[in-house]
Each structure stands twice: as structure tokens, then as C-alpha cells.
2 protein chains.
Amino acid sequence: MPKPGSRLRLVDVAEAAGVSLATASRSLTGRDGVSEEVASRVRQVAASLGYVVNPYARTLAGGASSSVGLVVHQVDDPYFSEIAGGVIQVAGERGLMVQICHSGRDPDYELRQIRHLIAQRVGVIIIAGSGYDDPRTEASTKAELTAFQSLGGRVAVIGRHALGVDAVLPDNEAGGFALGAHLLSLGHRRLAVAAGTGALTTVTDRMAGVLRSLRSLGLDPSSLPVVHTDFTREGGCRATEQILRDHPETTAIIALNDAMAMGVLSVLRGLKISVPKKMSVVGFDDVSVAADLAPSLTTVRLPMTDMGRMALELALKPPSTRARRRSTGHTLVVRDSTGPPRR
Amino acid sequence: MPKPGSRLRLVDVAEAAGVSLATASRSLTGRDGVSEEVASRVRQVAASLGYVVNPYARTLAGGASSSVGLVVHQVDDPYFSEIAGGVIQVAGERGLMVQICHSGRDPDYELRQIRHLIAQRVGVIIIAGSGYDDPRTEASTKAELTAFQSLGGRVAVIGRHALGVDAVLPDNEAGGFALGAHLLSLGHRRLAVAAGTGALTTVTDRMAGVLRSLRSLGLDPSSLPVVHTDFTREGGCRATEQILRDHPETTAIIALNDAMAMGVLSVLRGLKISVPKKMSVVGFDDVSVAADLAPSLTTVRLPMTDMGRMALELALKPPSTRARRRSTGHTLVVRDSTGPPRR
DNA sequence: TTGAAAGCGCTAACAT
DNA sequence: ATGTTAGCGCTTTCAA
């Protein structure tokens with residue numbers, strides 16, 4: 001790979017403004033020690049010359065690191081690409097680079113990616129994938145991130161992680177409750193859940209909400225069939241096959257994300273089981289295609305783009321002693337995939 | 001933003017390996033001037049120590065720039081997120097950062113983004129969005145990129161651009177032909193096209209293929225209704241409304257990308273016009289949800305992830321005098337949205 | 001409040 | 001083939 005092009009340097013700006021290099025630097029970084037008068041003049045000159053700081057030099061010199069590492073399970077999963085969109089927006093506004101990497105839903109691989117980001121000297125790490133119910137790797141990850149933070153790095157996560165860092169918390173439990181309550185209020189009593197791997201906190205939390213909806217009506221949660229498979233479309237397919245085989249009386253399937261719901265719908269379509277006439281189906285996330293499936297999918301909307309924005313904004317705030325939390329809301333979006341049970 | 005953490009430096013590796021800094025550097029960058037014996041020992045030591053080069057220092061020192069700028073119309077559009085996935089894979093393999101930015105399908109805004117990437121000193125720029133039939137901005141963009149390249153920067157584009165740089169060329173014309181031929185062979189004679197903005201070369205090329213399919217059967221291409229709207233789902237909706245209003249005899253709609261096809265299907269569903277019984281619909285791209293729409297969408301598959309990989313690989317090759325081109329293939333994927341016309 | 005100068009960690013001339 | 005050293009452009013002590 002080549003060298004980046006040579007350009008205007010800060011010395012050139014300093015010279016044009018008739019100040020020293022140090023003063024120019026202070027003016028542009030917003031550090032104090034410069035009269036506001038001089039500072040604004042320098043900024044003026046810099047802008048008129050079209051000066052853009054060299055992020056490599058700045059970072060090397062010990063200034064702010066100008067890149068943020070974003071860890072997603074997979075970028076070409078709509079849930080994550082929407083989050084990435086939000087992160088990229090904010091980064092763009094602040095002139096930061098975003099380095100995206102995949103975790104593949106594997107805590108060990110994720111830890112390696114995080115180590116790599118740190119080694120690469122990113123200044124901020126955003127972990128957008130779900131947390132894991134795996135104390136061992138969570139502990140290693142936490143140790144790594146704590147060391148990173150003690151050296152000045154910033155971290156924010158999306159989802160419930162046991163990492164002791166700033167977090168954006170999607171409304172998973174409440175969303176799960178809303179989904180269960182919706183189906184119960186339609187009259188369904190034979191529910192089944194197509195759940196992702198139990199090792200993901202996202203799955204656990206959404207599940208908890210579903211169970212609470214049953215209890216709130218005095219129903220026995222232990223009678224609810226829950227099939228744990230991959231948290232993907234393919235997992236949705238397999239879960240559905242199993243549900244149909246082991247629980248043929250089921251009238252509604254709750255998929256714990258939209259990808260799984262797509263798998264559910266696809267299997268039902270293949271078997272010509274009409275939705276919602278013979279089977280109601282709900283998803284979770286409201287990825288943009290959810291409205292275009294046929295039937296269009298009833299689901300819980302999470303503000304993914306905003307979650308991405310919030311996470312980066314949180315990470316860029318001055319650090320606080322205690323980890324901060326921002327909860328998102330959720331919206332139940334009722335579409336055509338749910339209706340009263342056939343009777 | 002904080003400083004990145006302090007870590008192992010190349011001197012430490014050099015010391016541990018008992019060689020000089022320069023030798024260590026040469027060993028790790030693969031430069032020659034070191035005996036293969038020493039070089040491999042240094043690499044060994046570096047690996048065992050967990051050394052990772054500081055990209056900021058390396059870039060500043062005039063070595064390879066370690067970041068690639070990726071310009072997409074929008075990351076949370078599945079077409080682009082799949083391409084981004086490919087670029088990220090390759091970048092990950094080579095230890096490069098990927099800086100993604102949005103162009104929003106606006107040539108002027110795109111030019112600004114490119115300028116910004118250059119100012120940020122990326123070493124490689126990948127433009128993944130369609131080219132524009134707009135000589136003015138294409139010329140400005142070309143000038144900018146030429147200057148960038150003359151300073152050592154590398155560029156590759158995906159799609160037909162008039163930029164004189166290495167390019168990955170999606171099989172747009174042939175794909176358009178395949179789509180037209182498929183419908184014609186089913187017996188359709190009343191086609192209509194929901195096309196994106198005529199300003200995009202992607203639209204022009206796909207359209208050309210469709211027209212050729214008509215001519216190949218001796219039909220008159222000028223009688224084909226073509227509605228140009230946004231190259232999005234929303235555009236597909238509006239195009240469909242217009243087609244139904246002005247050309248009610250239409251039996252098949254060709255949408256020039258899957259996003260538009262989703263809009264088409266959605267309007268038809270709303271009007272209870274059955275697909276494919278009363279209307280056949282085809283899309284283009286084969287984004288991953290295409291198979292999950294109902295009816296599942298007949299479309300032309302483009303290898304988006306590979307296109308992303310190829311583009312970055314192309315850009316990372318040693319520069320050549322003439323611009324290189326890599327054509328992709330395409331596959332017609334026939335699903336349930338097409339059938340013979342109602343008679 | 002401002003300026004001069006010492007690095008940050010690395011690569012690439014320039015020696016040897 | 002290997003080592004020595006001068007920067008890359010910036011931030012940040014340290015002096016004034």
C-alpha cells in the first residue's frame with residue numbers, strides 16, 4: 001500500500017496565521033492556553049486553506065486517537081448494518097474513522113478481534129453484538145477492556161454485557177413481554193418460541209419478557225416450548241421444524257429476532273401452513289424488510305440506527321466513574337403475520 | 001478521544017531478536033535486504049511477543065498507509081452491506097482499517113467525501129456506488145483521484161465510472177438481457193420497467209440489456225414503458241403506480257434492483273394483484289432477503305461479497321499503467337414471482 | 001498567553 | 001546483509 005498524499009501541514013497554517021506551531025495546535029485542538037481571539041483567527045485561516053489534520057501524526061504524537069473500532073456479529077446482517085449506519089453517521093460528523101470487524105458470534109474470536117483493535121491503537125471500541133452468558137470469556141474480555149480504558153481508551157457496548165462499561169440497552173425484556181402479551185390478547189394459548197442460542201444475553205432477556213407475559217395472565221411458563229437453535233434465519237427454519245413435530249398444537253410462534261422469523265415463515269410457506277390463519281408468527285427488531293415479507297411481519301421495533309449513534313456518543317463523552325446506561329424504547333408493530341387462533 | 005494504549009514497540013522486538021531496528025522493520029514489512037533466515041526469526045519473535053505494528057507510526061514514517069476508504073451509497077442497504085462485508089474480510093486479512101462513508105447517491109456529496117478521505121490520508125479508496133452520467137462531477141472526481149494516485153494512492157471502483165481507474169464490472173447488461181429474455185420466453189409481450197434514476201450508469205446498463213432482449217426477438221424496444229424514479233423501494237412503489245395507471249395492459253414488471261422490486265411487490269399486494277398470476281415481477285442483485293419475499297423473487301444474482309473482495313484486491317495490487325477490469329458473472333435465479341402471462 | 005524543542009514509533013536513506 | 005540516523009507531522013512539556 002502506498003503513502004498517503006503529501007499536503008498542507010500545520011506549520012503552513014501556523015505560518016499563514018503568523019503564530020507558532022504550538023499555538024496553532026492548541027487552537028485547533030481546542031486546548032486552552034490561547035486567547036480566544038487568536039484561536040478563532042487560526043481556525044479561520046485553517047478552514048480557508050482547507051487544512052485537515054493528519055490523523056496519523058496526531059495519534060502518534062499522543063493526541064486523540066482518531067479511529068473507532070466497531071465489533072458486530074456480521075455487517076451484512078441488517079440488524080448490524082443499521083447500527084453501523086448510526087455509528088458511521090456520528091463518526092462522520094466528528095471526522096473519525098470507523099474500523100469494523102466481525103465477531104461471528106464467537107466469544108473467543110471476538111476477544112481476539114478486540115485485542116487486535118487495541119493493538120491497532122483505536123481510541124474507542126464499540127461492541128455491538130450481544131453479550132454472552134459465558135463468565136470465562138466475559139472475564140477475559142473485561143480484563144482486556146479495563147486495561148484499555150486505564151490507558152485512556154473508551155468503550156461502549158450495545159446490549160447487556162458483564163463488562164462494566166457504558167452501555168446502550170435495547171428494550172429486550174419489555175419487547176419480549178409486548179410480543180407475548182399481543183399474542184395472548186389475541187387469544188393464543190399454545191405458544192412456542194424459536195429462540196437463538198441460550199448463550200446470548202439478548203436471547204435470555206427477550207425470553208424473560210415472554211415468560212413474564214405468561215405469568216402476568218396466570219399461565220404456567222414452564223409449559224412453554226422453547227427451541228434453542230442458531231440466532232439466524234437457518235436457526236429459525238430448524239426450530240420451526242422441531243416445533244411442528246413436537247408441538248403440533250401450537251398456534252403461534254415467537255421468533256426472538258427477525259432473521260429467525262424469516263426462517264419460520266419460510267418453512268411454514270413450504271408446508272403451506274397459512275399465516276396468520278393457521279399460525280401466527282412474530283419477530284423482533286423490525287429490520288427494514290420486515291414490512292415486505294408476506295405476510296408482513298408483526299414485530300418489535302428497536303431503533304437500531306439511534307442505538308449506534310448513542311453508543312458512539314456515549315463513548316465520546318468524558319469518562320465517568322460509574323458505567324452509564326441508556327435504555328432504548330421499543331414499539332410493537334402489528335402487521336399481517338398475527339391474528340386470532342383458528343378455532 | 002483518548003490516546004491509544006502504549007505497547008510493545010518494534011525496538012523491543014528487535015532487541016529480543018538481537019537485531020537492529022532497521023532489520024526488524026525490514027523483516028516485518030517483507031522488504032528485502034535481510035537474509036530469509038534472520039527475517040523469519042524476527043517474525044517468529046514478533047509473533048511470540050504478540051507484537052502488532054503501530055499503524056499511525058508506520059503511516060507517518062512514510063510506509064504503507066493502513067487504511068482504506070470505502071464509499072457506498074448507504075451501508076444499511078443490503079447491496080452495499082454485502083459489498084462492505086467483502087471489503088472488510090480482505091482488509092481484516094491484511095490488517096487494514098476500513099473507513100466507510102456514505103455518498104447518498106449524490107455526486108457532489110460523494111466528491112466531498114472523497115476529498116475528505118484523501119485529506120484523512122487513506123491509502124486506498126474504493127468507490128462502491130454506481131457511476132453517474134454526469135460529465136461535470138465525474139471530471140472533478142477524476143481530477144481528484146488522479147492527483148491522489150500520482151501521490152501514491154490506490155483506487156478501485158465497482159461499476160462503470162468514467163474515472164480511468166481499476167474497476168470491478170458487475171454483469172449489468174447481460175443480467176438485464178437475462179431478465180428480459182426470461183420474461184419473453186415465458187410469453188410476456190407487455191413488459192414495463194421500473195427503473196432507477198437515469199443518471200446512474202448501473203441503471204443505463206441494465207436497461208440496455210433489457211432492450212437488447214427485446215430486439216433479439218425482433219420486438220420494438222421503443223414501445224417499452226420505462227419509468228424512472230428513485231433507485232429505492234420507495235421509487236419502486238411510485239413507478240408501479242404509474243405503470244398500472246398508464247399501462248394497465250402490462251403483464252410483467254422489471255425492477256432494475258431488488259429494492260425497487262420490493263416496492264413493486266408491496267404495491268401489487270396492496271392492490272391484491274396476484275403475483276405471478278396477474279403480474280410477473282423480477283428484480284436485480286439477489287440480496288439475501290429476495291428468497292424470503294412472498295412470492296420469492298426471480299432476480300439476477302450478483303456476487304456482491306466477492307465484488308467487494310475483488311475491488312480491494314485489485315486496488316492492493318502493484319499499480320499498472322492501464323486501468324484493469326474484472327468482470328463478474330451473473331446468475332438468473334428463477335423463483336416464484338414469475339410465470340406465464342394470464343391469458 | 002505564547003514559543004522552542006523534545007519526542008511519539010516507525011520507515012527509508014545512508015553508511016558500513 | 002545489517003546497522004545508524006534523519007525525519008514523517010503532530011502534541012506537549014518546559015521556558016519565556
Side-chain angles (χ1 to χ4, degrees), chain A residues 1-42 46 49 51-67 95 118-123 151-152, chain B residues 1-42 45-46 49 51-67 95 118-121 123 151-152:
Chain A
M1 266 216 332
K3 326 183 178 202
S6 82
R7 334 233 118 223
L8 220 52
R9 290 155 313 157
L10 185 51
V11 243
D12 303 321
V13 175
E15 197 167 321
V19 297
S20 73
L21 180 57
T23 300
S25 170
R26 288 191 268 256
S27 305
L28 297 186
T29 50
R31 285 256 174 304
D32 48 34
V34 203
S35 64
E36 185 43 50
E37 192 186 325
V38 175
S40 75
R41 183 161 49 84
V42 173
L49 260 44
Y51 171 78
V52 178
V53 68
N54 180 327
Y56 300 98
R58 168 175 285 185
T59 303
L60 182 58
S65 158
S66 39
S67 83
I118 294 174
Q120 289 259 50
R121 278 76 174 178
V122 298
L151 290 169
Chain B
M1 264 217 329
K3 324 185 180 202
S6 81
R7 334 233 118 221
L8 221 52
R9 290 155 312 156
L10 186 52
V11 243
D12 302 322
V13 175
E15 198 168 319
V19 297
S20 75
L21 179 59
T23 300
S25 171
R26 287 192 269 257
S27 305
L28 297 185
T29 50
R31 285 256 174 307
D32 49 32
V34 203
S35 65
E36 185 44 49
E37 192 186 326
V38 175
S40 76
R41 184 161 49 84
V42 173
V45 172
L49 260 44
Y51 171 78
V52 178
V53 67
N54 180 327
Y56 300 96
R58 168 176 284 185
T59 302
L60 182 58
S65 160
S66 38
S67 84
I118 295 174
Q120 289 259 48
R121 277 78 173 176
L151 290 169

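The chains referred to below are lettered A, B, ... by the order of the sequence lines, with proteins before strands, and numbering in each begins at 1.
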Here the distance between atom P of C:dG3 and atom CG of A:Leu10, to the nearest Å, is 12 Å
Rounded to whole Å, CG of A:Asp32 lies from P of C:dT1 at a distance of 8 Å
Separation of C:dC8 atom C1' from A:Leu151 atom CG, nearest Å, is 15 Å
* To do: Ignoring backbone atoms, test whether A:Tyr51 places a side-chain nitrogen or oxygen under 4.0 Å from the OP1 or OP2 oxygen of D:dC10.
  => yes
Within residues 17-26 of chain A, those residues having any heavy atom closer than 4.0 Å to DNA chain C are A:Val19, A:Ser20, A:Ala22, A:Thr23, A:Arg26
Indicate whether OP1 or OP2 belonging to D:dT11 is found under 4.0 Å from a side-chain N or O atom of A:Thr29.
-> no
C:dG9 phosphate, OP1 or OP2: any side-chain N/O from B:Arg58 under 4.0 angstrom? no
Rounded to whole Å, CG of B:Asn54 lies from P of D:dC10 at a distance of 16 Å
At less than 4.0 Å, is any side-chain N or O atom of A:Ser35 found next to OP1 or OP2 of C:dT2? Yes or no.
yes
Correct closest heavy-atom pair for A:Asn54 and B:Leu60 would be ND2-CD1, 4.4 Å
Rounded to whole Å, CG of B:Leu28 lies from C1' of C:dC10 at a distance of 11 Å
Among the nucleotides C:dC10, D:dG9, D:dT11, whichever has the atom closest to the side chain of B:Ala61 is C:dC10
To the nearest angstrom, the OH-P distance between B:Tyr56 and D:dG7 comes to 26 Å
When every non-hydrogen atom of B:Ala24 is compared with those of B:Val42, the smallest separation belongs to CA-CG1, 4.0 Å
List the atom pairs, with distances to 0.1 Å, where a side-chain N or O of residues 26-33 of chain A and a protein N or O form a donor-acceptor pair under 3.5 Å, not counting sequence neighbours.
unit_1	atom_1	unit_2	atom_2	d
A:Ser27	OG	A:Thr23	O	2.7
A:Thr29	OG1	A:Ser25	O	2.9
A:Thr29	OG1	A:Arg26	O	3.4

The residue, B:Leu60 or B:Ala39, whose nearest nucleotide of DNA chain D is more 5′ is B:Ala39
Atom CZ of A:Arg31 and atom C1' of D:dC10 are separated, to the nearest Å, by 12 Å
In whole angstroms, the gap separating P of C:dT2 from CD of A:Glu15 amounts to 18 Å
Which of B:Arg121, B:Gln120, B:Arg58 passes side-chain contact (heavy atoms from CB on, under 4.5 Å) with A:Tyr56? It is B:Arg121
Show me the side-chain donor-acceptor pairs of residues 9-16 of chain A shorter than 3.5 Å, one per line, residues at least two apart or across chains.
unit_1	atom_1	unit_2	atom_2	d
A:Arg9	NH2	A:Asp12	OD1	3.4
A:Asp12	OD2	A:Arg9	N	2.7

